[in-house]
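The structure under discussion appears below in the form of structure tokens.
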Amino acid sequence: MIEIIQKVKNLSIGFKSKKGEEILILRNITTNIKKGETVGIVGESGSGKSTLALAMMGYVKHGLYTIGGECEFNSSNLLKMKNRDLEKIRGRKIAMIPQNAGQALTPNLKIGYQIDEALQLHSDLKEEEREQKISELLNKVRLPSPETIALRYPHELSGGQQQRVAVAMALAGTPDLLLLDEPTTGLDVTTQAHVLELLNFIAKDTGTSMVYVSHDLGAIAQVSDRIIVMYSGEIVLEGPSRDILKKPIHPYTYGLLKSIPKLSLAGLPQSMPGSQPQPGTMHRGCSFFDRCNFSEEKCKNNSPQLEYLEELKTSIRCFNYKSLMNDSQVNQTVNKIKTSLQDKEILNLSEVSISYAKQKLLDQVLNRISDDNPTVKDININIKKGETIALVGESGSGKSTILKSIAGLLRTKGGIIKFDQDRNLSSDLKERDPNDLRIIQLIFQNPDESLNPNHTVEEIIAQPLKLYFGLKGEELKKNIIDLLQKVRLGEFYMSRYPRQLSGGEKQRVAVARAFAAKPDIILCDEVTSALDVSVQAAVLNLLQQLKEDFGTTYIFVSHDLAVVRAISDRVAVLYQGRLCEVGPSKDVYQFPSHPYTEVLLGAVLEPDPDIKPKLVAEDIVEEKPPQKGCSFQGRCSRILGDICKNEIPPWQITNSGNSIRCHIPLKELQKDQIN
Amino acid sequence: MKLDNIYQEEKKSNFAKVAEIIITMASRPSGFIGLSILIFHVVLAFISPYIAPYDFKAINPTLMLQAPSAEYWFGTDDLGRDVFTRTILGGRTALTITFFGSLIALLWGGLLGIFCGLVGGKTDDIVMRIVDAFLSIPWILAMLLIVSLLGTSTEVLIPALGFFYGKGIVRVARAATHDVIAKDFIVSARARGHSNFSIIWNEIIPNVRDAILVEGAMRWSWMLLGFSSLSFLGFGVSPPTPDWGLMISNARGLMSFAYWSVIAPIVGLSSLIIGINLTADAFAKALGIDRSTKAPV
């Protein structure tokens, strides 16, 4: 019999609202974690997945309290234990790996010291043994040269390395259960794939049970044996990972899997309507009722119970799962994107370079450019009217930097930004006239930050209308309502404050504000990364619809290659502020010809247990672009030799119009990748 | 898409918002006490000329240093004046001068701080170094210099106090502005091409207003203490105007045998300061700003 190490029984956690009502964050959760298995907990933000994971180590966030039920570990209820007893379990028996390792490590203590501390607390090793153990642990998490890493401070490591250190610290007490709260969310695609692979290895190697909390089905698919899907504080589906991802029988999971963009599909996935109900707003019926395509009358007033299906080894909370059981292979249909591409060039970047380095005083006096190795260099892109061009790359690749310069927020060091073939745009706002400012609008990553919390939706959208068109009174109001309707929000949203809106609604308001200026170009900076998966597709569809209606050009920055695949006509791949490849997205994704593109695409996580990421290159991060030669020389697995180190590679153009900057001849590049 | 009742907030009128804040403040015991003391003092300042039992400047040598009695509730001072009359009148000048002084401090300190926080760079550097230089001058010396040059009239005291107490607000306002300046809605307003004035007025002030108001309320109580110190030194209001600082200064030599003439103004002054402090704290808590984590500048 398989040993069960953590039993969660009828657990409910909640808080008291100002009015004294009891509001539940977790509702009657019952589940077991078996020895040696990895369980993925997946859900949107606010579904209670983190609260559940914390409860599993006997911790309830400040302000929340346990309403009922228990978390049993080693046959004792963690939630009733005294702090002193919990201390003996936490770290030793149950360890946690936080989302942001950079913040979880103490900045002024060396890595080795911090691991030593963990060892002192959680193991009975003597001092000499501990030293041995530290390098053993660092070796286990595959950090290069453990001796030197142990002597470094956290800030001297990259994000991926920090996360590895966090894993090493968690393993210090040889725990039976490892809780991971979104451990790869803040990391780059390539790093993410490496860390997941490491976690898989550790799970097999040590036999530790893991609870992996994430919103990302792609990451969950790679690590977990079993998946728990949470919605609105309840478990709606629980079962073997493969079955859930391949044949989801719950309408929510079904819809979720349909709405995730995939690398293999060009075009926008179908979106799920609505958003998750806020805690406390559910009273009767199924919590997914509003958004469900399979709902019936009885779903409205009766809440379904979690039902265990013996033949599938799956628990499900739905009345109508049978209708999905027969036909639930997720046949993803996509709305093919229409390209409204015109031949007219709308924006031209030539030889643009940007540097963050401060000019030296002497150089300032002599008015010469001092930094010969700027952050962003040699950017040449022609953008046609009506196209969606995506800039992709890891963090630090300069994609947002370029966007800022186009918006006029960051001075370029050299090069020309031309609008409409003849108008030069300065990279300094103050030198642009109001019309130049109007034609380029920005949409930001996080709508919580891009909307003033003290303004109503009406005031937010009114700003560009007043500024650029001087609208007033009735006309202003009419325009605002019009814009709100275009982003599918009703008139009654006008008097709302951003905090009263859901993430998707906020982003729609931000979109409405950008379109209020009637711009020609909209710069989208990671517009979907702060949103939940189920809302993401809806915002992408909206952007596409608006583009078709208005003929706007989008410059789309994203680290999510599947999203880029879904929406863009053309892709520009950047590494260390240098272009590697520019071409129609179809070609870039089909024959990833530049070695770096190959690395990026290989690392994308798909919500499919059969598609494993390919780890081509190391995930080391370079801090500075190399002085000479190819920008990717440091990590390239196909490096030719001195030529790559000394000479900037030439642009090679394929038949389909894909430009690649590499020394390896085109034929060879493509041949190798097809094999 | 529907939002349920507990998440629904209608847009409230400004009056309703202020009322709600005051109710929240009063619902805390410390806030209630603070507010009551403050209101008591303000009301007293308004009505005291009408309820004062005696003439505050009537000197009567026969009544020198009388102990408290049914006739003279707080006794009389060394010139035979009624201490009760002088105490209830003694807060008026201090309250008025410091109230307007705080407003001036808030206005210039807040605006300059926001401006510096927004523009940054060299302008910010230069202005802040000047502010720092002023912070390093002992304010009482500078005040003494100003009053001895320009006199102790209200027109001099209000701007002088306003200036000296606004310096600290510059720092607080600047720090509060730095918190919001990096947010994308400011970047977005900049990218749209709004003027600095419009950004300050529409985007920054609504977000830093609370922090600055709380700071201003705290400055008010400090300024009150400062003003009373000036009076105590003989540089505030001139005799025979009743004023707590002046009264404490006059009667301090008599403390050992005529304690009543010094206790009454001390209680008046300290209760007002405590009242303002408690109110400011409750105000901060009602707005959701916790002052306990912030060190005073």
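Reminder, nothing fancy here: chain letters follow the sequence lines and each chain counts from 1.
Residues B:A191 and A:L437 share a closest heavy-atom pair of O-CD2, 3.5 Å. A pairwise comparison of heavy atoms in B:F185 and A:P453 identifies CE2-CD, 3.6 Å as the closest pair. Among all heavy-atom pairs drawn from B:R192 and A:Y468, the shortest one is O-OH, 2.5 Å.
The salt bridge (Lys or Arg N to Asp or Glu O under 4.0 Å) contacts involving residues 432-454 of chain A comprise A:R423-A:D436, A:D448-A:K506, where partners must be two or more places apart or lie in separate chains.
Interface residue A:Q441: only side-chain heavy atoms are found under 4.5 Å from chain B. Contacts of A:L451 with chain B are made by backbone atoms alone, with heavy-atom separations under 4.5 Å and no side-chain atom involved. Using a 4.5 Å cut-off between heavy atoms, A:P464 contacts chain B through both its backbone and its side chain.
No side-chain heavy atom of A:Q463 sits under 4.5 Å from any side-chain heavy atom of B:S188.
Residues of residues 173-180 of chain B lying under 4.5 angstrom from chain A, judged on non-hydrogen atoms, do not exist here.
For CD of A:E491, the number of neighbouring non-hydrogen atoms (other residues, nucleotides, ligands) closer than 6.0 Å is 12 at most. Shown here is B:F115, whose CZ atom has no more than 12 heavy atoms of other residues, nucleotides or ligands within 6.0 Å.
Using modelled atom types, no side-chain atom of B:H194 and backbone atom of A:L467 make a donor-acceptor pair closer than 3.5 Å. Of the possible polar contacts, none joining the B:D184 side chain to the A:F444 backbone as a donor-acceptor pair under 3.5 Å is found.
Side-chain atoms of A:N452 and B:N207 include a donor-acceptor pair closer than 3.5 Å.
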Atom pairs and distances, donor-acceptor, side-chain atoms in residues 91-103 of chain B, under 3.5 Å, two or more places apart:
from: B:R92; atom 1: NE; to: B:A45; atom 2: O; distance (Å): 2.8
from: B:T96; atom 1: OG1; to: B:R92; atom 2: O; distance (Å): 2.4
from: B:T98; atom 1: OG1; to: B:A94; atom 2: O; distance (Å): 2.6
from: B:T98; atom 1: OG1; to: B:L95; atom 2: O; distance (Å): 3.3
from: B:T98; atom 1: OG1; to: B:W220; atom 2: NE1; distance (Å): 3.2
from: B:S102; atom 1: OG; to: B:T98; atom 2: O; distance (Å): 2.7

For residues 29-40 of chain B, which side-chain N or O atoms pair as donor and acceptor with protein atoms under 3.5 Å away, sequence neighbours left out?
from: B:S36; atom 1: OG; to: B:F32; atom 2: O; distance (Å): 2.4

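Within the model, atoms NE2 of A:H455 and CG of B:N202 stand 5.5 Å from one another, a figure rounded to the nearest 0.5 Å.
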